[in-house]
Amino acid sequence: MIISEDLLLNHGAFYEDYNIHQEIFSEGSFPKYYYQIVKGVVELNNYHEDGKEFTQHIFFF
């Protein structure tokens with residue numbers, strides 16, 4: 001579900017930029033905010049103990 005940017009901004013939302021490969025939040029922690037992609041790509045990944053990566057989903061806008 002995409003929520004109107006104007007609605008979010010009117011209720012205190014703000015834009016935040018992330019660098020490539022920068023972690024937004026990690027497994028075991030809880031996100032403190034609602035995240036909505038305005039522009040770019042975000043990968044939802046899991047990493048196994050042996051170092052293998054599993055991509056669950058790729059979000060883009």
Side-chain angles (χ1 to χ4, degrees):
M1 171 202 293
I2 295 177
I3 300 173
S4 161
E5 283 182 56
D6 290 334
L7 180 64
L8 291 171
L9 292 169
N10 288 334
H11 287 85
F14 54 90
Y15 294 103
E16 193 161 299
D17 293 324
Y18 290 89
N19 295 317
I20 294 174
H21 302 293
Q22 183 177 354
E23 206 172 78
I24 298 172
F25 59 91
S26 60
E27 186 174 355
S29 67
F30 294 96
K32 296 179 182 178
Y33 305 100
Y34 168 80
Y35 295 92
Q36 181 163 301
I37 304 167
V38 175
K39 178 182 173 186
V41 178
V42 174
E43 288 188 23
L44 177 60
N45 300 323
N46 289 95
Y47 295 92
H48 299 277
E49 291 177 6
D50 61 3
K52 291 182 181 176
E53 176 182 5
F54 175 73
T55 300
Q56 291 188 4
H57 196 77
I58 299 175
F59 303 91
F60 61 92
F61 199 82

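Transitive grouping of hydrophobic side chains (ILVMFWY, heavy atoms separated by less than 4.5 Å) keeps Leu44 and Phe54 in distinct clusters.
When the shell of 6.0 Å around NE2 of His48 is examined, it contains more than 12 heavy atoms from other residues, nucleotides or ligands. The 12-atom threshold is exceeded at CG of Asn46, counting heavy atoms of other residues, nucleotides or ligands nearer than 6.0 Å. Within 6.0 Å of the CD atom in Glu27, the count of heavy atoms belonging to other residues, nucleotides or ligands does not exceed 12.
Minimum heavy-atom separation, Gln36 to Ile3: NE2-O, 2.7 Å. Heavy atoms only, all atoms of each residue included: Lys52 and Asp50 are closest at N-OD1, 3.1 Å. Heavy-atom minimum distance, Ile2 versus Phe61: CD1-CE1, 3.7 Å.
Rounding to the nearest 0.5 Å places CD of Glu23 at 10.0 Å from CG of Asn45. For the atom pair CD of Glu43 and CD of Gln56, the computed distance is 11.5 Å after rounding to the nearest 0.5 Å. To the nearest 0.5 Å, the span separating CZ on Phe14 from CG on Leu9 amounts to 10.5 Å.
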List the steps, then state whether side chain to side chain contact (heavy atoms under 4.5 Å, CB included) holds for Lys39 with Tyr15. CA-CA 10 Å; Lys39 178 182 173 186; Tyr15 294 103; over 6 Å; no
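Taking Tyr35 as the reference, Tyr18, Ile24, Phe25, Pro31, Tyr33 meet the side-chain contact (heavy atoms from CB on, under 4.5 Å) condition, with sequence neighbours excluded.
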